[in-house]
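I have placed the structure first, in the form of structure tokens, so that the comments after it can refer back to it.
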Amino acid sequence: MQKSDYTRIFEVDVKGKVSAKEVREELIIQITTPKKEDNSETHQAYQTFLKSFLGESYNRYIENKKEEVIVHGPEDVMTPLYRNGAGYKAEIENGKIKKLTVNYRYTDC
């Protein structure tokens with residue numbers, strides 16, 4: 001199958017395009033840049049809800065999420081991490097990703 005056949009059969013309509021290198025570089029920046037702590041009322045209410053919902057499992061949940069970095073991407077399809085809302089745990093050495101674990105979450109912003 002040729003690219004033109006694939007495009008015609010699946011009615012591909014490309015809205016944006018970024019390189020894998022751009023995605024990797026932006027991901028490394030986002031993961032390694034310290035994030036400010038969210039102390040908003042909404043976040044605190046969410047934490048209170050989680051504590052009541054998870055009960056004794058809450059502390060284990062928090063411990064598992066400790067090393068995770070949530071990466072938020074903008075709505076611009078031309079950006080490397082478009083509409084991203086996943087949580088990442090990564091081992092990065094000398095600017096290279098050695099290990100990457102991703103927890104995807106449904107985000108319909």
Side-chain angles (χ1 to χ4, degrees):
M1 179 181 286
Q2 298 208 359
K3 185 177 179 179
S4 60
D5 294 334
Y6 180 91
T7 302
R8 181 180 47 77
I9 292 169
F10 293 103
E11 299 176 2
V12 175
D13 183 19
V14 177
K15 300 287 185 186
K17 186 176 179 180
V18 295
S19 71
K21 181 180 178 184
E22 289 175 294
V23 173
R24 182 188 71 228
E25 289 172 351
E26 181 64 21
L27 185 59
I28 290 172
I29 289 168
Q30 293 258 353
I31 290 173
T32 58
T33 302
K35 306 280 189 248
K36 68 177 188 174
E37 195 170 325
D38 186 355
N39 289 322
S40 67
E41 284 185 38
T42 303
H43 182 73
Q44 290 174 358
Y46 177 69
Q47 292 302 318
T48 301
F49 166 76
L50 277 180
K51 285 179 188 176
S52 66
F53 183 75
L54 295 175
E56 294 178 14
S57 300
Y58 178 77
N59 290 335
R60 189 176 26 191
Y61 167 79
I62 292 299
E63 193 62 35
N64 286 337
K65 305 223 359 118
K66 195 179 262 184
E67 299 298 318
E68 185 176 87
V69 176
I70 305 297
V71 173
H72 298 285
E75 292 292 317
D76 181 359
V77 296
M78 298 302 287
T79 59
L81 299 173
Y82 167 67
R83 290 191 94 189
N84 197 322
Y88 295 86
K89 290 182 185 179
E91 290 178 19
I92 300 173
E93 295 177 12
N94 300 323
K96 295 187 184 230
I97 300 171
K98 297 295 183 179
K99 182 178 179 182
L100 184 66
T101 304
V102 183
N103 292 307
Y104 294 100
R105 291 166 179 79
Y106 176 74
T107 56
D108 191 17
C109 307

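When a residue number appears, it is its place in the shown sequence, counting from 1.
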Would you call the rings of Phe53 and Phe49 parallel, tilted or perpendicular, where under 30° means parallel and over 60° means perpendicular?
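Rings of Phe53 and Phe49: parallel, under 30°.
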
Minimum heavy-atom distance [X]-[Y], with the two atoms named:
X: Leu100; Y: Ala90; answer: CD1-CB, 3.8 Å
X: Met78; Y: Lys15; answer: SD-O, 4.0 Å
X: Ala86; Y: Tyr104; answer: CB-CD2, 4.0 Å
X: Ile62; Y: Gln47; answer: CD1-OE1, 3.9 Å

Nearest 0.5 Å, what's the [atom1]-[atom2] distance between [X] and [Y]?
X: Ile28; Y: Ile92; atom1: CD1; atom2: CD1; value: 5.0 Å
X: His72; Y: Leu81; atom1: NE2; atom2: CG; value: 11.5 Å
X: Ile97; Y: Lys99; atom1: CD1; atom2: NZ; value: 13.5 Å
X: Glu68; Y: Ile31; atom1: CD; atom2: CD1; value: 10.0 Å
X: Ser4; Y: Ile9; atom1: OG; atom2: CD1; value: 9.0 Å
X: Asn59; Y: Lys51; atom1: CG; atom2: NZ; value: 8.5 Å

Test salt bridge (charged side-chain N to carboxylate O under 4.0 Å, His left out) on Lys66 and Glu63 and set out the steps.
CA-CA 5 Å; Lys66 195 179 262 184; Glu63 193 62 35; 3.5 Å; yes

Group every Ile, Leu, Val, Met, Phe, Trp and Tyr by side-chain heavy-atom contacts under 4.5 Å, then state whether [X] and [Y] land in the same group.
X: Tyr46; Y: Tyr58; result: yes
X: Val71; Y: Val77; result: no
X: Tyr88; Y: Val23; result: yes

Would you say Arg24 and Lys21 make side-chain contact, with heavy atoms under 4.5 Å?
yes

With heavy-atom distances below 4.5 Å as the criterion, would you say the side chains of Thr101 and Glu67 are in contact?
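Counting from C-beta outward, Thr101 and Glu67 never come under 4.5 Å.
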
Set out, in order, the CA-CA distance, both residues' side-chain angles and the distance that settles side chain to side chain contact (heavy atoms under 4.5 Å, CB included) for Val12 and Lys3, then state yes or no.
CA-CA 10 Å; Val12 175; Lys3 185 177 179 179; over 6 Å; no

Checking the side chain of Asn94 only, and the main-chain atoms of Lys96 only, is there a donor and an acceptor separated by less than 3.5 Å?
no

